[in-house]
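A quick write-up on the structure given underneath.
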Amino acid sequence: MRKIEMDLAYFNITEQLKTLPIDEVWRRYINNDLRRCGNRWITRCPWHGGPDGDRNPSLVIYTHSNRWHCFGCGQGGSTIDLAMKAFNIDFKEAVQIMAADFGIMIIGSTPEERAEARRKGLFAKAKRELEARFKVKEGEAYQRLASLYRAVDQTLAEIKTEEDLELFGGLYHIATPLEHVLEVLRTGTPAERFAVLGDKQVRRWCGWA
Ligand SMILES: [Zn+2]
């Protein structure tokens, strides 16, 4: 096939991908957490809000224009932009994965290339699911550690007598590391947060061990 024909075929495929129902693409790549609201869907944005998440759903999916937009972080776009964002991949990879997932043949691609795109898609999806589960776990950990910290802090503030100090003074050794863990969960990189949640002591504080 000549170059210009290839380009045209590729353009046709990207146009087809942009017309895939956006809510279907969302369900396939993100989650089923969509609430219908007239001719649009509302959902929580997975990309902003920190460990607590986007509590008041600020992401809107428009069926008439087949586009999405988050009023919290300003991200949005077409179905292809959604796949790019979901898997953190570039345009070309997103087109390949979507074409494989939604059964649209990329003209000129070999069976091997299609199998490779499919494999990448499955891998990226598994990675995303794992990250989503980690996020839930992390939110849960944050809530528990924060309330533990409040309890410790309150108890320490109420220490008045020698006897109190003897009974509760040991809590001073918990307050500082707890504070540090909360700080990491609020501001750390994903790797740092992951490491902190794997810590034995932290797992005990969360009641997981
Ligand atoms: Zn957002």
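Order of listing sets the numbers, starting from 1, for every ligand and every atom in it.
In this structure, Lys137 is positioned above the aromatic face of Trp208, its NZ or CZ under 6.0 Å from the six-membered ring centre and within 45° of the axis.
Under the salt bridge (charged side-chain N to carboxylate O under 4.0 Å, His left out) criterion, Arg36 pairs with no residue at all, not counting sequence neighbours.
Taking CD1 of Ile97 as the start and CG of Leu17 as the end, the distance is 11.5 Å to the nearest 0.5 Å.
Distances shorter than 2.8 Å separate the Zn ion (ligand 1) from the protein N/O/S atoms Cys45 SG, His48 ND1, Cys70 SG, Cys73 SG.
No continuous path of ILVMFWY side-chain contacts below 4.5 Å connects Val60 to Ile30, so the two sit in separate hydrophobic clusters. Hydrophobic clustering (side-chain heavy atoms under 4.5 Å, transitive across Ile, Leu, Val, Met, Phe, Trp, Tyr) groups Tyr172 together with Val181.
Side-chain contact between Ile104 and Met98 is absent, with no heavy atoms from C-beta onward closer than 4.5 Å.
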